[in-house]
Colleague: 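Handing you this structure, nothing more for now.
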Amino acid sequence: MRDAFLVFGAPLIEEAEINEVVASMRSGWLGTGPKVARFEEDFRGYVGSAHAVAVNSCTAALHLSMVAAGLQPGDEVITTALTFCATVNAIIHAGATPVLVDVDPVTMNMDAGQVKASITDRTKAILPVHFAGRPCDMDALCEIAGRHRLKLIEDCAHAIEAEYHGRKVGTFGDFGCYSFYVTKNVAAGEGGMVVTRQEEDAARIKMLALHGMTKDAWKRFGDEGFKHYQVVECGFKYNMMDLQAAIGLHQLRWVESRWPRRKELWNHYGAALDGLPVALPPEPDPATRHAHHLYTILVDPARAGIERDAFLDAMTRQNIGVGVHYLSIPEHPYYRRVFGWRPADYPNAMRIGRQTVSLPLSAKLTDEDADDVVAAVRHVLEGARGAR
Ligand SMILES: Cc1ncc(COP(=O)(O)O)c(C=O)c1O
């Protein structure tokens, strides 16, 4: 067993990020400023979108996208039953009603057939999540959105590097939303980004992210002299700090060089865990580029001889940090109480949520770390077999 605990999702931070943060601290410009503007420009260029607006989380990015999409109370937004709670909470905060669909049992992404079947005359938007970094079926979702004139808001929290048929995810819909949370492929501690084609949407999101104050209010303390601002909408406090952008700028510079390392780790796990009594994630579709954000195995107690939660505990005792992405949304009491959702009505998301285990998949992992993860999985499964 390894000596030190392997932290799940630990970011790889280099001297460049540290120096950039120190430079921001020394300059005294900590809040929204020139580094945020540069990060937006670099991100826009990386994704290939017309506009990018930085905010302080992906949750904020999703919320503001839905406000900018013009959702009204009673409007329905179709999303997946297998996602982080933030996806659904953002719909609720925007005043709309979330409608869940089950996932495809193999890809774990929202089932386009069920999206089609869930459309009512109140449906206004579709909110797909590119789960684990695997692109959703964007041909099908774009076709449905186009035919029914629905807004398409992509949750790309796992999928910064992902491409579908040669095009970056996040650029298919009206809005693409990204996370720079500490475990994400580009980590800034906290942070988010919205990309969009429409200049007026970008301008509105920027304004809403800073209290609803008029454009470039952040410059009011700069060397161009004090500028009066006007509050033109009741906005939010969702702006990104230069301190976050200082980290994000360099993380984005590394993004393409770290993706192959996570892909290598993904392939290593695939080869080393093959033949064990757990289900491994399916191979990426060759017509897409998987962002390799999460490596999820499924622990079915009938096959593995161990309950999923016991497996999580046993891995932790082996000093390997693991994750669960995610218990299906209807498993949580709030949603059951308010929307009456039942886990069994979304059977694929329920089964995956009850069996899934995410293994560490950070570019920070050494070959020895990855071998320790594999050894721990083998050890735990062998122990379970021995106990039968
Ligand atoms: C699929 C998904 N959507 C949204 C979010 C929210 O991101 P943030 O923490 O940046 O608000 C996350 C974060 O973990 C996520 O995994």
Side-chain angles (χ1 to χ4, degrees), residues 2-48 52-58 61 133 156-162 168 178-193 195 218 222 239-269 289 291-295 319-321 323 358-373:
R2 56 183 283 128
D3 293 336
F5 186 70
L6 182 64
V7 176
F8 179 85
L12 178 53
I13 302 292
E14 309 226 24
E15 285 304 308
E17 286 94 314
I18 295 170
N19 293 336
E20 193 76 47
V21 169
V22 170
S24 288
M25 300 284 282
R26 291 200 196 288
S27 80
W29 197 300
L30 309 182
T32 305
K35 285 183 188 171
V36 169
R38 210 165 86 214
F39 188 35
E40 289 173 334
E41 188 50 28
D42 289 0
F43 198 87
R44 193 190 66 70
Y46 175 71
V47 168
V53 182
V55 287
N56 60 9
S57 70
C58 182
C156 307
H158 299 176
I160 288 180
E161 309 93 332
K168 281 266 189 308
Y178 299 81
S179 174
F180 309 123
Y181 177 63
V182 65
T183 57
K184 296 299 193 275
N185 295 353
V186 168
E190 297 284 358
M193 192 77 74
V195 302
W218 65 268
N239 54 307
M240 179 183 278
M241 299 170 74
D242 259 25
L243 280 179
Q244 294 165 289
I247 308 171
L249 275 169
H250 293 283
Q251 288 272 307
L252 186 61
R253 276 207 299 134
W254 314 132
V255 69
E256 281 301 312
S257 59
R258 289 177 179 174
W259 178 81
R261 174 60 181 158
R262 290 197 317 281
K263 182 177 157 74
E264 190 176 52
L265 291 164
W266 216 85
N267 290 337
H268 175 64
Y269 285 154
R289 186 193 204 208
H292 298 301
H293 175 58
L294 295 174
Y295 190 88
N319 267 344
I320 304 293
S358 300
L359 302 180
L361 186 68
S362 155
K364 194 177 182 182
L365 259 60
T366 63
D367 289 350
E368 293 71 41
D369 291 334
D371 288 342
D372 288 344
V373 173

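Being a predicted model, the structure only gives us computed values, none of them experimental. One is the number of the first residue; the rest follow in order along the sequence.
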Colleague: I'd like to know whether OH of Y269 has more than 12 heavy-atom contacts from other residues, nucleotides or ligands below 6.0 angstrom.
Modeller: yes
Colleague: Out of curiosity, L12 CG to E17 CD, how far, rounded to the nearest 0.5 Å?
Modeller: 7.5 Å
Colleague: Using a strict cut-off of less than 4.0 Å between a Lys/Arg side-chain nitrogen and an Asp/Glu carboxylate oxygen, indicate whether E161 and R262 qualify as a salt bridge.
Modeller: yes
Colleague: Minimum heavy-atom separation for L243 and M25, please, with both atom names.
Modeller: CD2-SD, 3.9 Å
Colleague: Mind checking whether D3 and N319 have side chains closer than 4.5 Å, heavy atoms only?
Modeller: no
Colleague: Roughly how far, to the nearest 0.5 Å, is CG of L359 from CZ of F8?
Modeller: 8.0 Å
Colleague: Identify whether NZ of Lys or CZ of Arg in K184 sits under 6.0 Å from the centre of the six-membered ring of Y178 and within 45° of that ring's axis.
Modeller: no
Colleague: Please step through side chain to side chain contact (heavy atoms under 4.5 Å, CB included) for the pair Y46 and E256, ending with a clear verdict.
Modeller: CA-CA 10 Å; Y46 175 71; E256 281 301 312; 2.5 Å; yes
Colleague: Kindly indicate, with the supporting measurements, whether the criterion salt bridge (Lys or Arg N to Asp or Glu O under 4.0 Å) is fulfilled by D369 and R2.
Modeller: CA-CA 9 Å; D369 291 334; R2 56 183 283 128; 2.8 Å; yes
Colleague: Quick check for you: to the nearest 0.5 Å, what is the distance between W266 atom CH2 and L294 atom CG?
Modeller: 10.5 Å
Colleague: Looking only at side chains, do D242 and S24 share a donor and an acceptor under 3.5 Å apart?
Modeller: no
Colleague: Which word best sums up how the rings of H250 and W254 line up, parallel for under 30°, tilted for 30 to 60°, or perpendicular for over 60°?
Modeller: tilted
Colleague: Can you tell whether the side chains of E41 and R38 come within less than 4.0 Å, N to carboxylate O?
Modeller: no
Colleague: Would you check, one step at a time, whether the test side chain to side chain contact (heavy atoms under 4.5 Å, CB included) holds for L6 with V373?
Modeller: CA-CA 9 Å; L6 182 64; V373 173; 3.6 Å; yes
Colleague: Which heavy-atom pair separates A370 from L265 by the least distance, and what is that distance?
Modeller: CB-CD2, 3.7 Å
Colleague: What class does the angle between the rings of F180 and F39 fall in, given that below 30° is parallel, 30 to 60° is tilted and above 60° is perpendicular?
Modeller: tilted
Colleague: Evaluate the side-chain proximity of K364 to I13: yes if any heavy-atom separation is below 4.5 Å, no if none is.
Modeller: no
Colleague: So, does T32 use its side chain to make a donor-acceptor pair with the main chain of M240 at under 3.5 Å?
Modeller: yes
Colleague: Write down the atom of V186, the atom of G248, and the distance for their closest heavy-atom approach.
Modeller: CG1-O, 4.2 Å
Colleague: Nearest 0.5 Å, what's the CD-CG distance between E264 and L365?
Modeller: 11.5 Å
Colleague: Going by distance alone, is a donor N or O of one side chain under 3.5 Å from an acceptor N or O of the other, for N185 and H292?
Modeller: no
Colleague: Look only at the side chain of E190 and the backbone of S57, and say whether a donor-acceptor pair between them is shorter than 3.5 Å.
Modeller: no
Colleague: Does the pair Y181 and C58 meet the rule for a side chain to side chain contact (heavy atoms under 4.5 Å, CB included), with working shown?
Modeller: CA-CA 8 Å; Y181 177 63; C58 182; over 6 Å; no
Colleague: Measure the spacing between NZ of K263 and CZ of R289 and express it to the nearest 0.5 Å.
Modeller: 9.0 Å
Colleague: Measure across T366 and R261 and return the closest heavy-atom pair with its distance rounded to 0.1 Å.
Modeller: C-NH2, 3.4 Å
Colleague: Of the non-hydrogen atoms in R44 and A52, which two are nearest, and what is the gap between them?
Modeller: CB-CB, 3.9 Å
Colleague: Out of curiosity, I160 CD1 to R258 CZ, how far, rounded to the nearest 0.5 Å?
Modeller: 12.0 Å
Colleague: So do the side chains of E40 and V53 get within less than 4.5 Å of each other, counting heavy atoms only?
Modeller: yes
Colleague: Mind listing the closest non-hydrogen atom pair of A61 and M193 along with its distance?
Modeller: CB-O, 3.7 Å
Colleague: Verify side chain to side chain contact (heavy atoms under 4.5 Å, CB included) between L249 and R253, making sure each step is shown before the conclusion.
Modeller: CA-CA 6 Å; L249 275 169; R253 276 207 299 134; over 6 Å; no
